[in-house]
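Let me begin by presenting the structure, written as structure tokens, before commenting on it.
Order of the sequence lines sets the chain letters (A, B, ...), proteins ahead of strands, with each chain counted from 1. Bear in mind that the values here come from a model prediction, so they are computed numbers and not experimental data.
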Protein chains: 2
Amino acid sequence: MRDRNLALLLGEIARRGPMTRARLAEVTGLTKTTVSTLVAVLADIGLVRADGRVHEGERGRPGVAVAINRDGPAGLGLEVNVDYLAACVLDLGRRVRYRDLVHADNRSRPVEEVLAELGAVAERALNAARQQGLAVKGAMVALPGVLDHRLLRTAPNLGWSDLPIADLLDAHLPALPRPTGLDNEANLAALAELWFGGGAALGDFVYVSGEIGIGAGIVVSGRLFRGAHGSAGELGHVPVDPAGPACSCGGRGCLEQVAGQSAILRSAGLSQDSSPEALRLLLRRLEERRPAATEAVSRAGAALGVALIGAANLLDPDTIVLGGLFSTLAPWIRRPVQAALGTASGRLRATAPEVTASALGEDAAVLGAAGAVIERLITDPGALLAARIA
Amino acid sequence: MRDRNLALLLGEIARRGPMTRARLAEVTGLTKTTVSTLVAVLADIGLVRADGRVHEGERGRPGVAVAINRDGPAGLGLEVNVDYLAACVLDLGRRVRYRDLVHADNRSRPVEEVLAELGAVAERALNAARQQGLAVKGAMVALPGVLDHRLLRTAPNLGWSDLPIADLLDAHLPALPRPTGLDNEANLAALAELWFGGGAALGDFVYVSGEIGIGAGIVVSGRLFRGAHGSAGELGHVPVDPAGPACSCGGRGCLEQVAGQSAILRSAGLSQDSSPEALRLLLRRLEERRPAATEAVSRAGAALGVALIGAANLLDPDTIVLGGLFSTLAPWIRRPVQAALGTASGRLRATAPEVTASALGEDAAVLGAAGAVIERLITDPGALLAARIA
DNA sequence: TCTAATTAGTTCATCGACTTGACTTAATAG
DNA sequence: CTATTAAGTCAAGTCGATGAACTAATTAGA
């Protein structure tokens with residue numbers, strides 16, 4: 001009961017910004033008395049600060065604004081990706097307080113080495129947080145692969161598979177603040193979109209993560225849809241052409257084979273491997289309006305559209321957010337995707353889902369990871385309270 | 001608080017069957033005292049009965065079993081489908097206490113006439129319930145179409161579209177017990193599968209409803225996944241062949257065009273329209289192992305498999321349940337579906353989702369509808385309590 | 001400048017709901 | 001017939017939210 005009301009209050013403060021106790025009481029339906037005592041508790045744990053006179057020009061006694069404490073608990077996000085490692089520290093107000101991105105070709109390195117370097121990255125982030133007076137209360141690691149609880153089923157683009165990744169993290173990064181979590185890169189990028197991108201205006205949405213593979217994060221009522229084993233959103237292996245070539249997943253004509261980064265490059269007559277240089281070349285050609293390039297991207301967009309028609313019919317989202325590579329390609333790929341979606345949902349629903357491009361950069365996932373830690377703190381302040389007492 | 005504990009207790013009793021108060025206390029973590037008082041409340045509303053001595057052969061004072069009251073509150077389910085109307089009354093123990101199915105070709109009739117007849121069907125069901133001493137505490141109507149809140153967006157196989165269906169129901173069936181709900185036939189059939197079919201062993205599952213159209217109900221942690229506008233699970237319009245013919249939905253190569261009832265009949269060289277006779281003929285031919293028939297069904301199964309690979313990748317369910325027409329065709333269609341799913345998810349997850357056939361009959365949806373009313377009573381006994389006081 | 005009005009926040013008695021621990025009840029074992 | 005065991009109730013206590021009255025700080029207006 002107390003925990004629920006603490007979460008309720010903190011949620012409102014986080015969502016609507018600083019507020020007086022009186023307004024909080026109005027908004028939450030609790031009495032002024034209850035709000036006062038609970039705010040005292042939240043302030044005691046360090047989650048909120050009740051200072052800063054605020055008087056909105058009205059008459060009557062001025063209220064004291066209760067605001068999220070930006071100098072207390074914080075969250076650490078980490079990301080292992082194909083060609084970089086990243087870290088990020090967010091304060092409770094979801095402001096970026098530290099950010100780091102280290103380029104590294106992780107495809108060619110053994111897991112232990114990558115995790116050792118991740119440990120160094122994390123160490124630096126934690127030091128930076130400490131110097132700013134932040135108390136990191138949890139960590140979340142983003143990985144470009146399919147996770148099943150504490151197991152990394154497969155991360156094709158890293159060449160990793162069937163690793164007890166949670167245990168490996170515990171072993172190589174013992175200093176990580178608890179609780180420590182793990183999630184798919186697309187899932188966390190989707191959450192980043194919710195908190196740092198389009199926000200609540202997106203409604204329920206599917207975030208399409210076009211990195212070297214293609215994944216998706218599905219957000220329903222502000223929370224991730226993970227599926228029974230945590231591997232929902234594998235958009236890259238939705239079949240878009242049953243007559244297509246066999247895929248390494250065992251299927252045939254998977255989206256990834258037609259609209260994945262290397263497929264686009266190949267189809268545009270560029271390099272086979274998906275190096276950053278080849279990508280830059282593709283973008284140059286697109287800007288020069290070279291037909292081979294634009295047509296390759298259109299074809300990919302059409303295929304992505306087909307997969308998304310399936311997703312839209314199954315999931316009925318409000319919005320589709322193009323992320324990663326696809327957000328870079330948005331000027332050329334958005335139209336074919338939207339066209340495919342638009343025609344295909346005429347009779348079924350009032351309007352086709354809107355297609356937008358993410359404005360977040362390549363390391364969206366690491367933002368989402370840190371954001372997820374913050375989200376947990378905000379939705380479950382009781383945990384922090386219990387930890388403090390124990 | 002009280003409401004939550006009432007729901008907790010009732011849920012345990014419903015799930016595990018009759019129990020003594022002492023065992024309930026153990027199971028829920030509440031104290032014996034609390035359990036006693038709450039059970040008294042539940043008994044007072046008529047949700048449970050505390051009689052029936054039960055002594056499990058142990059020594060000590062024998063306990064009194066607290067059981068769901070099968071002669072109190074009940075739920076009414078109604079269904080409008082293409083060629084029948086159905087009603088069903090369930091008691092709190094989810095036993096069928098009344099069941100009715102009236103054949104009627106609703107395609108050829110105006111909405112008002114259909115609803116008038118549904119009213120008569122409902123009237124009979126309510127009378128039957130009253131005679132058995134049941135108090136019907138709510139109703140749910142299953143419809144073969146896409147619903148958006150109180151609106152029927154489209155029911156292609158009835159030829160209905162854009163109807164304010166909730167208001168029409170209120171107008172034509174004013175005597176329906178409140179609260180009254182509406183849902184898609186596939187969604188409710190999926191719930192029926194959860195409560196009367198495979199049950200909790202299915203885990204998260206996708207129920208494929210093969211009627212004249214193809215729909216799906218998605219069940220996640222025991223609850224329906226409805227999407228942002230209530231039209232999730234439109235499996236029939238997932239594209240399975242981008243090169244295929246245009247569909248009335250505006251898309252191309254939708255599953256329904258390849259694996260819908262009339263598509264199968266056509267592909268088997270049988271009648272164009274999907275009459276029950278044509279269907280019987282198909283079944284005969286299948287039993288006779290006629291290649292035209294078995295191949296037609298195999299093709300449909302392969303297409304269904306493709307759509308389900310997409311669904312499995314996006315939703316990550318434990319199980320796929322073939323329902324409606326597909327459960328009838330299960331002996332011939334299950335293998336191709338499973339084959340498609342099996343090969344396509346090799347690297348992505350530990351195991352492909354299991355494919356089972358529903359054992360429920362054609363009117364699964366009406367069971368699910370009545371079951372949904374019961375579910376609401378069990379998960380929210382507080383509402384009943386509040387109603388009784390008011 | 002002073003008072004009334006207005007709004008913010010606190011104090012305190014109370015109430016509702018669960019818990020604790022002792023007690024009663026009803027069975028079996030020996 | 002008594003000891004033991006388990007089910008269930010009772011009375012007192014605790015925790016957390018509530019409501020009414022009160023104090024505090026400001027503006028509007030006389």
With sequence neighbours left out, what residues match A:Arg2 under side chain to side chain contact (heavy atoms under 4.5 Å, CB included)?
A:Leu6, A:Thr37, A:Leu38, A:Val41
Write down the distance between CG (A:Asp3) and P (D:dC15), rounded to a whole number of angstrom.
15 Å
hbond_proxy A:Arg61 side chain to D:dA25 base (donor-acceptor, 3.5 Å cutoff):
no
Can you check the B:Leu8 CG to C:dC18 P distance for me, whole Å?
11 Å
Nucleotide D:dA7, atom P - distance to CG of B:Asp51 in whole Å:
18 Å
Between D:dA7 atom P and B:Arg21 atom CZ, what is the distance in whole Å?
12 Å
List the atom pairs, with distances to 0.1 Å, where a side-chain N or O of residues 380-387 of chain B and a protein N or O form a donor-acceptor pair under 3.5 Å, not counting sequence neighbours.
residue	atom	partner	partner atom	Å
B:Asp380	OD1	B:Ala383	N	3.4

Residue pairs meeting salt bridge (charged side-chain N to carboxylate O under 4.0 Å, His left out), one or both in residues 16-39 of chain B, sequence neighbours left out, come to B:Glu12-B:Arg16, B:Arg23-B:Glu26
Nearest-angstrom distance from the residue atom CG of B:Leu385 to C1' of C:dA17:
13 Å
Using the side chain to side chain contact (heavy atoms under 4.5 Å, CB included) criterion, which residues pair with B:Ala192? Sequence neighbours excluded.
B:Phe196, B:Leu360, B:Ala364, B:Leu367
Kindly say if B:Asn5 contacts the phosphate of C:dA17, meaning a side-chain N or O under 4.0 Å from OP1 or OP2.
no
Mind calculating the distance between CE (A:Met1) and P (D:dA17) to the nearest angstrom?
6 Å
DNA chain C contacts among residues 23-45 of chain A, heavy-atom distance under 4.0 Å
A:Lys32, A:Thr33, A:Ser36
B:Met19 atom CE is separated from D:dA7 atom C1', nearest whole Å, by 15 Å
At less than 4.0 Å, is any side-chain N or O atom of A:Arg2 found next to OP1 or OP2 of D:dC15? Yes or no.
no
May I ask you to decide if A:Asn187's main-chain N or O and A:Asn184's side chain share a donor-acceptor pair within less than 3.5 Å?
yes
Do side-chain atoms of B:Asn69 reach the backbone of B:Arg49 as a donor and acceptor pair under 3.5 angstrom?
no
Which residues share a ring-ring contact (aromatic ring centres under 6.0 Å, His included) with A:Phe225, sequence neighbours left out
B:Phe225
C:dA29 P sits how many Å from B:Arg59 CZ, rounded?
7 Å
